[in-house]
Protein chains: 2
Amino acid sequence: MNEVVVLTPERILEATEDVLRRFGLAKATVVDVARALDVSHGSVYRHFPSKASLRQAVAKRWLDRANAPLAEIAEADGPAPERLDKWLRTMIEIKYSKVCEDPEMFRTYLALAQDACEVVKAHKELLVEQVAHIISDGVKQGVFEVADAKAAARAVFDATVRYHHPAHSDEWNDPAKPARIDALLALLLKGLEACKR
Amino acid sequence: MNEVVVLTPERILEATEDVLRRFGLAKATVVDVARALDVSHGSVYRHFPSKASLRQAVAKRWLDRANAPLAEIAEADGPAPERLDKWLRTMIEIKYSKVCEDPEMFRTYLALAQDACEVVKAHKELLVEQVAHIISDGVKQGVFEVADAKAAARAVFDATVRYHHPAHSDEWNDPAKPARIDALLALLLKGLEACKR
DNA sequence: TGACTAACAGATATTGAAATCTGTCAGCGA
DNA sequence: TCGCTGACAGATTTCAATATCTGTTAGTCA
């Protein structure tokens, strides 16, 4: 018993997330994180080379956790149009609920997204892959007519940027939002679909 | 001769634009504007109720001037798909050239766009009207198949937000940009088009 | 040896006093 | 009368001194 608690990257990330939520992005310092873990701040630098890398690691963890449901939809079976619709609506809903429920972490993510941060870019790339995967399925099923699935995925991702990029988050309370999303997604799906007659 | 130069709103706007370019949005003051016009700053307040309203008036003038070519395309004759394509590419090109050529005014516009400023919202509404007008033409020509032209216009506007909203301006140097725009516009036009076979 | 601390230099943030700005208005001069 | 000025109060910004933070490293302890 009386086990020695070791300092792991995971524990540091956990503590950093707490500190970020408590003090906010602007005020949170590495010293705060060290204090929360009851170690010297030098110890934190043994596991993360800089404050920026720590922040990015926290954001990555947060993004991966938040977007887990999307991977599932991308990998599922069933008709591609419904799945793409579901995937996009889920992404939009995730982002929206995070702004409301975890605003301080969202601000961190916004700050990182505004620098052209590697972590966020990589994550975005991953999401585009998922969309491309659904679209490829649609092509195989004969319901989508698309020359380049990856390019089409990027276009769909670009086209919905207003509803998932944090820079637009203050417009997400627009009462007309659901109707506008419906119109936008309908337009995009029609654009992908093979002409039926 | 020796004509008395009267202080008009127009002259104030002119001077304000100069001051904004010279000192930048953050540093420009009403006192600077007054100094440039060789009057007391109280005189400026005789024509504009606040610094904010002055800034907005400058932005409006700037936006109206910059976007003049768009109105022309919207009102022109000819097949709607080509016109819509041209209109969107022109808007994107205007925004891009302004970031490059007039960065300080662009920053002002960005700042205004980030507050939910009335002037910018009204201007956006005007642009959506223009798109709706082109789309209606397309419906009349039988080349577009759309239930609600206004809603479709909003969807098209939303879908291209990444390439005309100033919040994304630091991504406009992406070398893949032209290809991505091509893919996006093709997708949108296909989404609007009536099925031909 | 290897994880940690304590002390450090340079960079960044905070603070409070002083300067400047915004917006108002009584009054001047044409 | 009408357009402008100059002085003003309160809000905001600047500036420089001070404190805190970031990132490094020599050295401690188990």
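It should be emphasised that the depicted structure is a prediction, and the values quoted were computed from it without experimental measurement. Just so we're on the same page: letters track the sequence lines, and every chain starts at 1.
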Student: Over how many whole Å does the gap from B:K51 atom NZ to C:dT24 atom P extend?
Tutor: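 Computing the B:K51:NZ to C:dT24:P distance gives 15 Å.
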
Student: Please report the distance, rounded to the nearest Å, between CZ in B:R35 and C1' in C:dC21.
Tutor: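 That distance rounds to 11 Å.
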
Student: Give a yes or no on this: more than 12 heavy atoms of other residues, nucleotides or ligands lie within 6.0 Å of atom NZ of B:K177.
Tutor: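 Count over threshold, so yes.
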
Student: Can you tell me if the side-chain N/O atoms of B:T29 get under 4.0 Å from OP1 or OP2 in C:dT20?
Tutor: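 Negative; the distance criterion is not met.
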
Student: Given C:dG23, D:dG23, D:dC21, identify the nucleotide with an atom nearest to the side chain of A:Y45.
Tutor: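 Taking heavy atoms from C-beta onward, the closest nucleotide is D:dG23.
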
Student: In this structure, how many angstroms lie between the C1' atom of D:dT22 and the CZ atom of A:R55, rounded?
Tutor: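 From A:R55 CZ to D:dT22 C1': 12 Å.
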
Student: For residues A:Y96 and A:N173, is any side-chain donor paired with an opposing acceptor at under 3.5 Å?
Tutor: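 Checked: A:Y96/A:N173 side chains pair up, N/O donor to acceptor below 3.5 Å.
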
Student: Can you check the B:R46 CZ to C:dC25 P distance for me, whole Å?
Tutor: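 These atoms are roughly 11 Å apart.
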
Student: Is there a side-chain contact between A:H47 and the phosphate of D:dG23, meaning an N or O under 4.0 Å from OP1 or OP2?
Tutor: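 For A:H47, the contact criterion (side-chain N or O under 4.0 Å from OP1 or OP2 of D:dG23) is not met.
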
Student: Establish, from distance only, whether the side-chain atoms of B:H133 and B:Q130 form a donor-acceptor pair under 3.5 Å.
Tutor: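 B:H133 vs B:Q130: no donor-acceptor pair found between side chains.
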
Student: If each of A:S40 and A:K27 is mapped to the nucleotide of DNA chain C with the nearest heavy atom, which maps nearer the 5' terminus, i.e. the 5' end?
Tutor: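 Mapping each residue to its closest nucleotide by heavy atoms, the 5'-most match is A:S40.
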
Student: What is the separation between atom NE2 on B:H41 and atom C1' on D:dA9, rounded to the nearest whole Å?
Tutor: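 That distance rounds to 12 Å.
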
Student: Do any side-chain nitrogens or oxygens of A:S50 fall under 4.0 Å of OP1 or OP2 in D:dT22?
Tutor: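 Result: no.
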
Student: How about A:H168 and B:H168: does a side-chain donor come under 3.5 Å of a side-chain acceptor?
Tutor: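 Yes, B:H168 and A:H168 have a side-chain donor paired with an acceptor closer than 3.5 Å.
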
Student: Could you check which of D:dT5, D:dT22, C:dG23 has an atom nearest any side-chain atom of B:S43?
Tutor: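 Comparing D:dT5, D:dT22, C:dG23 against the side chain of B:S43, the answer is D:dT5.
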
Student: Taking atom P of C:dA13 as reference, at what distance in whole Å does atom CG of A:L25 sit?
Tutor: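 Going from CG in A:L25 over to P in C:dA13 covers 11 Å.
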
Student: I need the CZ-P distance between A:F48 and D:dG23, as an integer number of Å.
Tutor: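 Answer to the nearest Å: 13 Å.
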
Student: Once you round it to whole Å, what is the distance between P of C:dT14 and CZ of A:F23?
Tutor: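 Going from A:F23 (CZ) to C:dT14 (P), I get 13 Å.
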
